[in-house]
Amino acid sequence: MRSRTSSTAVVLGATAVVALSGCSSAVEVSPTPLATGEVCRAVSAAWPAEAGGQARREVRDPSAGAAYGDPAIIARCGVPALGPTTDDCIEVDGMGWVAQPLSDGTRFTTFGRDPAVEVLVPRAYAPEPLLLPAFTEAAERLPRNSLACS
């Protein structure tokens with residue numbers, strides 16, 4: 001795997017639905033199956049107050065994850081851990097992240113942690129990897145597995 005710090009694209013897609021309610025400013029985030037488990041509760045307690053200068057926003061179901069700014073940057077805990085991959089892997093503040101380009105930004109998934117944290121960053125915040133340090137403290141609460149960026 002190689003390191004990459006250039007911006008790429010993300011679709012916030014079916015795994016994390018982001019929609020603004022008609023009358024409410026709360027962000028709709030789809031919970032993962034592990035979102036309410038002990039590990040993800042510890043991660044959720046460490047979500048940052050802001051990411052990339054964007055304040056944290058209200059989320060309809062706070063156990064589902066966190067949101068920042070508009071368009072929303074979405075962070076979720078409890079996505080399945082990634083196995084060995086040839087996708088780009090970068091290390092930021094000692095945390096491994098696999099970058100997956102989608103249509104309007106980048107999906108970053110912790111690498112070497114099980115379960116994993118997913119951060120969806122819209123292209124509006126390019127270069128997207130610059131937002132990852134905000135999530136290091138929360139991601140460090142995830143148990144390590146045997147994988148690491150190389």
Side-chain angles (χ1 to χ4, degrees), residues 1-32 34-37 39-82 85 87-113 115-144 148-149:
M1 289 173 271
R2 42 176 216 258
S3 289
R4 182 181 70 188
T5 57
S6 64
S7 69
T8 55
V10 172
V11 162
L12 298 180
T15 58
V17 176
V18 178
L20 295 179
S21 172
C23 297
S24 171
S25 63
V27 178
E28 189 79 38
V29 177
S30 297
T32 67
L34 301 175
T36 58
V39 170
C40 286
R41 281 194 308 270
V43 169
S44 294
W47 289 135
E50 67 174 41
Q54 302 300 309
R56 190 164 171 181
R57 294 181 54 190
E58 180 183 353
V59 174
R60 279 189 183 250
D61 177 359
S63 69
Y68 306 83
D70 187 11
I73 299 160
I74 302 296
R76 301 187 317 150
C77 178
V79 298
L82 298 175
T85 181
D87 288 339
D88 290 332
C89 189
I90 59 174
E91 199 165 294
V92 178
D93 290 345
M95 181 62 57
W97 296 92
V98 171
Q100 297 171 307
L102 299 171
S103 70
D104 66 349
T106 305
R107 177 192 343 254
F108 294 98
T109 306
T110 54
F111 191 68
R113 303 291 174 143
V117 161
E118 170 185 77
V119 178
L120 301 168
V121 183
R123 183 180 303 137
Y125 301 104
E128 293 91 334
L130 294 180
L131 296 172
L132 295 176
F135 300 99
T136 300
E137 182 181 341
E140 285 175 337
R141 295 178 181 219
L142 297 167
R144 292 182 184 267
C149 292

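In this chain, residues are counted from 1 in sequence order.
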Exercise. When you check the gap from the basic side-chain N to the acidic O, do R107 and E118 get nearer than 4.0 Å?
Worked result: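 Salt bridge flag = yes for E118 with R107.
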Drop me the distance from [X]'s [atom1] to [Y]'s [atom2], to the nearest 0.5 angstrom.
X    : Y    : atom1 : atom2 : answer
W97  : R113 : CH2   : CZ    : 9.5 Å
R56  : E50  : CZ    : CD    : 12.5 Å
S44  : R76  : OG    : CZ    : 12.0 Å
F111 : D88  : CZ    : CG    : 12.0 Å
I74  : L120 : CD1   : CG    : 7.0 Å
E128 : I90  : CD    : CD1   : 10.0 Å

Where [X] and [Y] come nearest, the two heavy atoms and their spacing:
X    : Y    : value
A116 : P80  : CB-O, 3.9 Å
A51  : L131 : C-CD2, 3.9 Å
R41  : T36  : NH1-O, 2.5 Å
V59  : A26  : C-CB, 4.4 Å
A99  : D87  : O-CB, 4.4 Å
A138 : V43  : O-CG2, 3.5 Å

Exercise. In this structure, which one of L34, T109, T110 forms a side chain to side chain contact (heavy atoms under 4.5 Å, CB included) with V79?
Worked result: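 The residue from L34, T109, T110 that satisfies side chain to side chain contact (heavy atoms under 4.5 Å, CB included) with V79 turns out to be T109.
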Exercise. Given F108 and V121, is the side chain to side chain contact (heavy atoms under 4.5 Å, CB included) satisfied, shown in steps?
Worked result: CA-CA 8 Å; F108 294 98; V121 183; 4.0 Å; yes
For this session: Any pair with a residue in residues 41-67 that passes ring-ring contact (aromatic ring centres under 6.0 Å, His included), sequence neighbours left out, goes on the list, sorted by first then second residue, please.
Result: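 As it turns out, there is no ring-ring contact (aromatic ring centres under 6.0 Å, His included) pair with a partner in residues 41-67 once direct neighbours are skipped.
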[X] side-chain N/O to [Y] backbone N/O, donor-acceptor pair under 3.5 Å:
X    : Y   : value
R141 : A45 : no
R60  : V27 : no
Y125 : P71 : yes

For this session: Indicate yes or no: at least one non-hydrogen side-chain atom of P122 is less than 4.5 angstrom from one of I73.
Result: yes
Exercise. Is any side-chain heavy atom of L142 less than 4.5 Å from a side-chain heavy atom of P115?
Worked result: yes
Exercise. Would the Y68 and F135 ring centres measure less than 6.0 Å apart?
Worked result: yes
Seminar exercise, completed: Taken in chain and number order and not counting sequence neighbours, the residues that satisfy side chain to side chain donor-acceptor pair (under 3.5 Å) with D61 are S63
